[in-house]
Enquirer: 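Here it is, the structure, as structure tokens.
Order of the sequence lines sets the chain letters (A, B, ...), proteins ahead of strands, with each chain counted from 1. This is a predicted model, so every value here is computed, not measured.
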2 protein chains.
Amino acid sequence: MSLLIDYANNTLTPPEPIPSLMQGPRFSPFSGELLSAPSLEPWLNQVPLREGQKTARARQMIYRAGEILDGVPVICDGWAARVCRLSNGRRQILSFILAGDLVSTNAVFAGHLRFFVEAITAVRYSYYGRADLGQRLAAQPAVVRALLSACLAEKEEIDRLATDLGRRRADERVARLFLNLRERLDVRGLVRDQSFAIPLRQQHIADATGLTPEYVNRVIGAFRHDGLIEIDRGTLKIVNLIQLQRVADAA
Amino acid sequence: MSLLIDYANNTLTPPEPIPSLMQGPRFSPFSGELLSAPSLEPWLNQVPLREGQKTARARQMIYRAGEILDGVPVICDGWAARVCRLSNGRRQILSFILAGDLVSTNAVFAGHLRFFVEAITAVRYSYYGRADLGQRLAAQPAVVRALLSACLAEKEEIDRLATDLGRRRADERVARLFLNLRERLDVRGLVRDQSFAIPLRQQHIADATGLTPEYVNRVIGAFRHDGLIEIDRGTLKIVNLIQLQRVADAA
DNA sequence: CGGCGGATTGAGTGCTCTCAACAGGAGTGG
DNA sequence: CCACTCCTGTTGAGAGCACTCAATCCGCCG
């Protein structure tokens with residue numbers, strides 16, 4: 001809903017300016033202390049969004065790989081996904097994008113992206129103008145750090161995904177996806193009593209975990225049978241968190 | 001050998017300063033034109049490396065996930081790998097690091113990394129001091145852009161890896177790895193007559209492609225049998241590039 | 001009611017893994 | 001120079017995880 005939400009810190013208040021330890025002769029976002037906790041959204045909130053939000057229906061493509069991008073897209077409401085498509089119709093979901101998320105920090109710096117962005121639910125989205133963003137970046141050095149930090153966090157997230165896809169079994173991958181989503185939604189206050197709304201079709205889960213929908217179904221069935229989770233009309237409840245984490249194998 | 005090598009552009013000459021289109025009231029690396037071709041090394045070359053190179057023997061760990069990192073490590077000679085390790089001894093190689101490569105742009109901004117760095121061959125490596133790097137970054141805004149650009153390129157590379165691991169079969173993955181390495185080495189002038197030195201054990205290839213060494217062996221055997229490649233004492237020759245690309249399925 | 005998208009289930013297949021054995025090569029110590 | 005060991009590559013047999021194809025079921029919506 002509100003772009004004020006900070007998914008990295010467990011707080012909704014705008015952060016204090018980071019005390020600078022800069023020693024260089026002039027502004028440098030790098031010579032000071034190292035980046036720590038990423039917290040991008042509170043700063044982005046000070047940047048005006050372009051007039052006029054766009055909307056997309058579920059399953060609609062919001063952005064196609066390679067298209068010119070003259071703004072930085074943000075998902076305002078709903079779920080979307082970064083998707084890599086290849087011949088044969090095979091698809092890999094690289095990340096889920098929740099309300100308030102930049103589609104990718106790459107869009108801030110690059111004029112086009114290498115992946116597709118697809119609406120999962122109905123989605124409202126908008127753009128930051130690059131000029132507006134640039135002004136804000138110039139005016140507030142801390143934003144640069146926040147942006148970089150977000151970028152690094154994205155990289156680490158993909159590293160984790162690659163490891164999961166390369167070296168984990170199906171049940172581990174699905175469990176980790178559920179736990180990952182729970183964590184992201186929890187920060188936004190969208191988890192109540194270990195249950196949360198999850199608008200994903202099993203096809204989405206399959207594309208995110210590198211499996212087939214049928215097999216995802218069997219894995220979920222096993223989880224349900226073992227009392228780890230319950231799923232009912234788009235709501236996922238984690239019944240046995242400990243056991244699910246054990247399946248996910250925290251490593 | 002030389003850190004002047006630019007693996008992104010097919011040129012060994014230091015780039016011209018990028019003409020700035022900045023319009024902001026003061027320095028901003030972002031309000032100008034968008035990032036285009038990444039070319040980090042020529043600038044890094046102007047930054048002094050710390051005194052005293054370190055060396056590591058093959059198979060030795062250079063950096064352990066989580067360790068404090070007070071400099072930015074660079075591989076000067078040899079091959080290394082970014083490795084994610086998890087319980088059960090499973091390993092995933094996230095990328096290969098060649099001579100002249102930063103281990104990861106993350107190291108410029110973060111005090112510790114989430115992955116291991118492991119020597120594949122004997123390796124000479126060193127560090128950029130963060131203070132030195134920071135000074136250079138402050139003095140030359142273009143370096144910031146180059147650094148960002150390299151960071152984005154790394155992200156895209158991992159996106160590709162994740163897609164391969166999630167949605168491609170064994171033979172496609174191995175073929176793509178070979179073609180990827182060929183491309184990187186070609187830029188450095190290390191490919192002659194479609195053959196190049198490849199110091200990887202089949203275990204490394206397995207860890208990079210999410211397979212087992214035995215199965216990698218079978219895939220390579222099939223490639224050899226089909227006349228796609230030849231391997232002899234650490235040298236890989238791509239005999240039938242077209243066909244290998246077809247297996248890799250450019251998508 | 002009919003149709004559609006999605007979930008579920010079954011049967012069979014096969015890609016990839018596991019386990020095991022063996023061969024060759026490089027280094028090492030005697 | 002030889003014996004030995006370690007590492008790596010190679011190959012075989014068998015198992016199993018995940019896929020393919022297909023049918024059915026269910027909830028929702030027009």
Enquirer: Give a yes or no on whether the backbone of A:Arg82 and the side-chain of A:Glu118 come within a donor-acceptor separation of less than 3.5 Å.
Expert: no
Enquirer: Any donor-acceptor pair under 3.5 Å between the side chain of B:Arg218 and the base of D:dG12?
Expert: yes
Enquirer: Can you find a side chain N or O atom of A:Gln202 that sits less than 4.0 Å from OP1 or OP2 on C:dG5?
Expert: no
Enquirer: On the nucleotide D:dC19, are OP1 or OP2 found under 4.0 Å from the side-chain N or O atoms that A:Thr212 carries?
Expert: yes
Enquirer: What is the minimum heavy-atom distance between B:Val216 and B:Ala206, and which atoms define it?
Expert: CG2-CA, 3.6 Å
Enquirer: So, does A:Asn217 get its side chain near the phosphate of C:dT8, meaning an N or O under 4.0 Å from OP1 or OP2?
Expert: yes
Enquirer: Can you check side-chain hydrogen bond (donor to acceptor under 3.5 Å, both in side chains) on A:Glu157 and A:Asn180, steps first, answer last?
Expert: CA-CA 10 Å; A:Glu157 195 57 44; A:Asn180 187 342; 3.1 Å; yes
Enquirer: Report which part of the nucleic acid A:Gly210 touches: base, sugar-phosphate, or nothing (heavy-atom distance under 4.0 Å, all strands).
Expert: sugar-phosphate
Enquirer: Just to confirm, is there a sub-4.0 Å distance from OP1 or OP2 of D:dT10 to any side-chain nitrogen or oxygen of B:Arg224?
Expert: yes
Enquirer: On DNA chain D, nearest-nucleotide positions of B:Glu214 versus B:Arg167: which is more 5'?
Expert: B:Glu214
Enquirer: C:dT16, C:dT8, D:dT10: which one has an atom nearest the side-chain heavy atoms of B:Tyr215?
Expert: C:dT16
Enquirer: Are A:Arg167 and B:Asp207 within salt-bridge range, i.e. N to O under 4.0 Å?
Expert: yes
Enquirer: Would you tell me if any nitrogen or oxygen in the side chain of A:Arg59 comes within less than 4.0 Å of OP1 or OP2 on C:dC4?
Expert: no
